[in-house]
Amino acid sequence: MSQADRIITQRRQKLADLRARGVDPFSNRFKPDHTIAQVIEAYGSMSGPELEGLNETFRLAGRIMLVRAFGKAIFCHFQDGSSRLQAYVQRQVLGDEAFKLFKSLDLGDIVGFVGTLFRTRTGELTLSVSEFILLTKSLLPLPEKYHGLTDVERRYRQRYLDLIVNPQVWQVFLQRAAIIRLIRQFLDKRGFLEVETPMMQPIPGGATAKPFETHHNALDMKLYLRIAPELYLKRLIVGGFDRVYEINRNFRNEGLSTLHNPEFTMLEFYQAYATYKDLMELTEELVCQVARELLGTLQITYQGADIDLTPPWRRIDLRQSLTEIGGIPQEVVKDRQALVELAKSEGVVLRPGEGYGRALTKLFDLKVEARLIQPTFVLGYPTETSPLSRKSDDNPEVVDRFELFIAGREMANAFSELNDPIDQRARFEAQLSAHAAGDEEAPHAVDEDFLTALEYGMPPAAGEGIGIDRLVMLLTDSPSIRDVILFPLLRPER
RNA sequence: GGGCCGUUAACUCAGUCGGUAGAGUAUCUGCCUUUUAAGCAGAGAGUCGUUGGUUCGAAUCCAACACGGCCCA
C-alpha cells in the first residue's frame, strides 16, 4: 500500500473509531465567542499575572497546524480565518479519556477549544484548554509544516490548500478586497453610481478582442460573454445617469500569460461633461488615494523597481515616445510609408485596412511599453485604432485619449467619448469590413441599438477602464496575474 | 505557436561517470508536563510524469506526448 493510501486508511479508521465511541467527527455544536485576532488584539499585550487575573474563559475554534506532544501534555498551534494561537492541553486537566482522544487528533483537524489565557515560560500568549470538541475530522494530510506548499501548479489548482498552509497568500487577497473597497469609496464619494450591465451580450462591443460564445436555449440565440461593458455604460449616460461605474469581469478568448487571464476584472467608469484630461487628474487621485490608504506611501517597489506615484505623472505623445524612448528617428516616425516598413521589418503583421495607426501602436508595444516604469500617460492615439473615441478638435487623425503605463504595462485606457452618431456609424462600418476581411477581433455586427441611443443624444463625456488585476499586482508586488486571482484558469489535469 | 527549464515517498528536496532509491518533515509504535520546525529510539512508506527507443543494465542518455513555470510571438 502506498503511503498516501495508508494515511487515508488510517484517518478513515480513526473516523470510524470516533463514531463507534459516540463522538461526532463533524459536529456543529460549538460557537466561538472570539476570533483569534480579537483575542490577540485585546489581550496580547497583557503580562502573565494580568492574564491569570482575568478570570475569563474563551471559546475559540480553528484548524490544528502544529503539534508538540509530551507524555502528559500537548502544545499545539491552531489557526482560524484571522490568526494563529498556541493551545496547551494537559492530561491532568482533561482526564485520561479526553486527553487520549486529543492525542489521536491529526494535523488539519478543526477543533473548538474552551480555556483561559496565560503566558508560557517563553512568554507566548497561550490558551490553557479545559475542554475541547472535534468539529471537523480532516481525512487528508496537510503539506509540510515548514516549507508549506511550493508547487506552483498545485497552489493554483488547489487554492484552498495554498491558503491553509501559506498564510502570506491571505495577505494578497485581503489587499485585493481592500483595493476594490477603496475604489468604490472613492467613486461613490464623487457621485458615481455603481451599476451592473449584461455579461452576456448579443453583439460583443467596447473593445477589440475575440469573445467567448454561448447559446441561450429558450430564445435559441447566440450570446457572447462580454469583452467590455462600455456600450452599455454609455447607454446609461444617454439615459441620464451622469456618472456611472462598474467593477466586474470581462472575458476574452485569448492566450494565458503572467498578465492575461481569460476572465479578468475591470473597472469602467463614465462621467458626463468631462474630458480625457479631467480623467488624468482623477486617475492620479484614485491610484494615489488607494496606495496611501493601503500602503501608507506613494513610494512603492515592484519586483525590485522603485516606483514613485507622486503626481503629476509624466505625459508624453505617442509619436514622441517612439523617438525619445523607442529610439526611432523622428523622420521615420513622421514618414507614414517608412514607419509601416519599419513595423513590418519588426515582424508586425498588418491586416487589410491597417496602416500607419496600427504601425504606431504596434511599434509602441515593441519598443516603448516595457520601458515606462514610472507612471506615464501616453497621448495622441491614432483614430484608426480608437473606434469609440472622440477625434481631437485640432487633428482628426488622433483622438482625445490616453493610456496609463506603470511598471512597463498598461494599467488604464481612457478617452473623451465619441457622441456623434454619424461618425460612430462610419467607424463601426469600418470595423465590420475588417471582420469580413478576417479580423476575428472586430465585431461581427453593428450595434444598432447603441447607435439609436446616440441618436437620442449622449452628453459629452469621458470614460476609462482600469485593469483591477494589474493594479492589484502592482500594489501587492505580485509577479503573476495568477497570484492575484483566487482560481486562475488552468488546463485540466489528465 | 516557438525557445529554455521543471516533473523522484503525502509534502520539501538530494540522487556524482548509466549499475537497480535517499534525507528532512508527515504517518505509525515507545519514552517524555512549558514546547516553538520540540527532543530521543524504532518502523513502515516509491508506476522516479506517460509511452517508446538505445543499452547486458535507464531516475540518469535519446524521442514523442502530458501538465506546469519563465521568456518570446
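Throughout, protein chains are lettered first and strands after them, A, B, ... in sequence-line order, and every chain is numbered starting at 1.
- Take A:F415 and apply the ring-ring contact (aromatic ring centres under 6.0 Å, His included) test, not counting sequence neighbours, and it matches no residue.
- Partners of A:H34 by side-chain hydrogen bond (donor to acceptor under 3.5 Å, both in side chains), not counting sequence neighbours: none found.
- Side chain A:T126 to base B:U34: no donor-acceptor pair is found below 3.5 Å.
- For the P atoms, the distance linking B:C32 with B:G6 amounts to 49 Å, nearest Å.
- If you measure from atom CG of A:L259 to atom C1' of B:A73, you get 14 Å, rounded to the nearest angstrom.
- A distance of 6.0 Å or more separates the ring centres of A:F377 and A:Y276.
- Annotation: ring-ring contact (aromatic ring centres under 6.0 Å, His included) contacts of A:Y381 (sequence neighbours excluded): none.
- Within the structure, every pair that satisfies the salt bridge (Lys or Arg N to Asp or Glu O under 4.0 Å) test and touches residues 256-265 of chain A, not counting sequence neighbours, is listed here: A:R249-A:E263.
- Atom C1' of nucleotide B:C70 and atom CG of A:L256 are separated by 14 Å, given to the nearest angstrom.
- Between A:T258 and the phosphate of B:C71, there is a side-chain N or O to OP1/OP2 separation shorter than 4.0 Å.
- If A:Y156 and A:R91 are placed on RNA chain B by their nearest nucleotide, the residue sitting closer to the 5' end is A:R91.
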Side chain to side chain donor-acceptor pair (under 3.5 Å) evaluation trace for A:T283 with A:E464: CA-CA 9 Å; A:T283 304; A:E464 175 166 349; 2.8 Å; yes

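- The same atom, C1', is picked in B:A64 and in B:U20; the two are 26 Å apart, to the nearest Å.
- Just one residue in the list A:Y88, A:F78, A:F30, A:F132 forms a ring-ring contact (aromatic ring centres under 6.0 Å, His included) with A:F113, and that residue is A:F78.
- Rounded to whole Å, the distance from NZ on A:K362 to C1' on B:A73 is 10 Å.
- Classified by interplanar angle (parallel below 30°, tilted 30° to 60°, perpendicular above 60°), the ring pair A:F75/A:F70 is perpendicular.
- With hydrogens and angles left out, the side-chain atoms of A:Q13 and A:D17 include a donor and acceptor closer than 3.5 Å.
- With hydrogens and angles ignored, no donor-acceptor pair under 3.5 angstrom links the side chain of A:Y88 to the base of B:U35.
- Note: CG (A:L127) to C1' (B:U34) measures 15 Å, nearest angstrom.
- Using a 4.0 Å heavy-atom cutoff across all strands shown, A:K14 reaches sugar-phosphate atoms only and no base atom.
- Among the atoms of the strands shown, none is found under 4.0 Å from any heavy atom of A:R84.
- Nucleotides B:G3 and B:A43 are separated by 49 Å at their P atoms, to the nearest Å.
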Pairing annotation in dot-bracket form, given for RNA chain B with Watson-Crick or G-U pairs under 3.5 Å and | for cross-strand partners: (((((((..((((.....[..)))).(((((.......))))).....(((((..]....)))))))))))).

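- In summary, A:R176 and A:D469 engage in a salt bridge, as defined by a charged side-chain N under 4.0 Å from a carboxylate O.
- In this structure A:Y302 satisfies the ring-ring contact (aromatic ring centres under 6.0 Å, His included) test with no other residue, sequence neighbours excluded.
- Checked against A:D96 for a salt bridge (charged side-chain N to carboxylate O under 4.0 Å, His left out), the options A:R91, A:K72, A:K103 give a single hit: A:R91.
- Comparing the same atom, P, in B:C71 and in B:C40 gives a spacing of 43 Å after rounding to whole Å.
- Listed by residue number, the members of residues 100-119 of chain A with any heavy atom below 4.0 angstrom from RNA chain B are A:K103, A:D106, A:L107, A:F118.
- Annotation: B:A59 and B:G18 have their P atoms spaced 13 Å apart (nearest Å).
- Separation of the C1' atoms belonging to B:U33 and B:G46 is 39 Å when rounded to the nearest angstrom.
- The list of salt bridge (Lys or Arg N to Asp or Glu O under 4.0 Å) pairs with a residue in residues 135-152 of chain A, not counting sequence neighbours, reads A:D106-A:K137, A:D109-A:K137.
- Side-chain N/O atoms of A:R6 include none lying less than 4.0 angstrom from OP1 or OP2 on B:A45.
- Nucleotides B:G69 and B:U25 place their C1' atoms 25 Å apart, quoted to the nearest Å.
- Contact annotation for A:R482: backbone-only contact, meaning every heavy-atom pair under 4.0 Å involves sugar-phosphate atoms and none involves a base.
- Applying the 90° cutoff around 0 to the glycosidic angle, B:C5 is assigned anti.
- Below the 3.5 angstrom threshold, one finds no donor paired with an acceptor across the side chain of A:T122 and the base of B:U34.
- The C1' atoms of B:A26 and B:A37 are separated by 12 Å, rounded to the nearest whole Å.
- Under the ring-ring contact (aromatic ring centres under 6.0 Å, His included) criterion, A:Y43 pairs with A:F58, not counting sequence neighbours.
- Residue A:Q90 contributes atom CD, which lies 13 Å from atom P of B:U35 at whole-angstrom precision.
- Taking 3.5 Å as the limit, the base of B:U27 and the side chain of A:Q10 contain no donor-acceptor pair of atoms between them.
- The nearest whole Å value for the distance from the CD1 atom in A:I481 to the P atom in B:C71 is 13 Å.
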A:T126/A:Q86 under side chain to side chain donor-acceptor pair (under 3.5 Å): CA gap, chis, key distance, verdict: CA-CA 5 Å; A:T126 301; A:Q86 180 168 257; 3.0 Å; yes

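- In the set B:C71, B:C67, B:U35, the nucleotide with an atom closest to the side chain of A:R491 is B:C67.
- Checked against side-chain hydrogen bond (donor to acceptor under 3.5 Å, both in side chains), A:E324 has the following partners two or more places apart in sequence or in another chain: A:R314, A:Q320.
- Of the residues in residues 48-79 of chain A, those lying under 4.0 Å from RNA chain B by heavy-atom distance are A:L66, A:V67, A:R68, A:A69, A:F70, A:G71, A:K72, A:A73, A:F75, A:H77.
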B/S/- contact track for nucleotides 6-14 of chain B, protein heavy atom under 4.0 Å: ----BBSS-

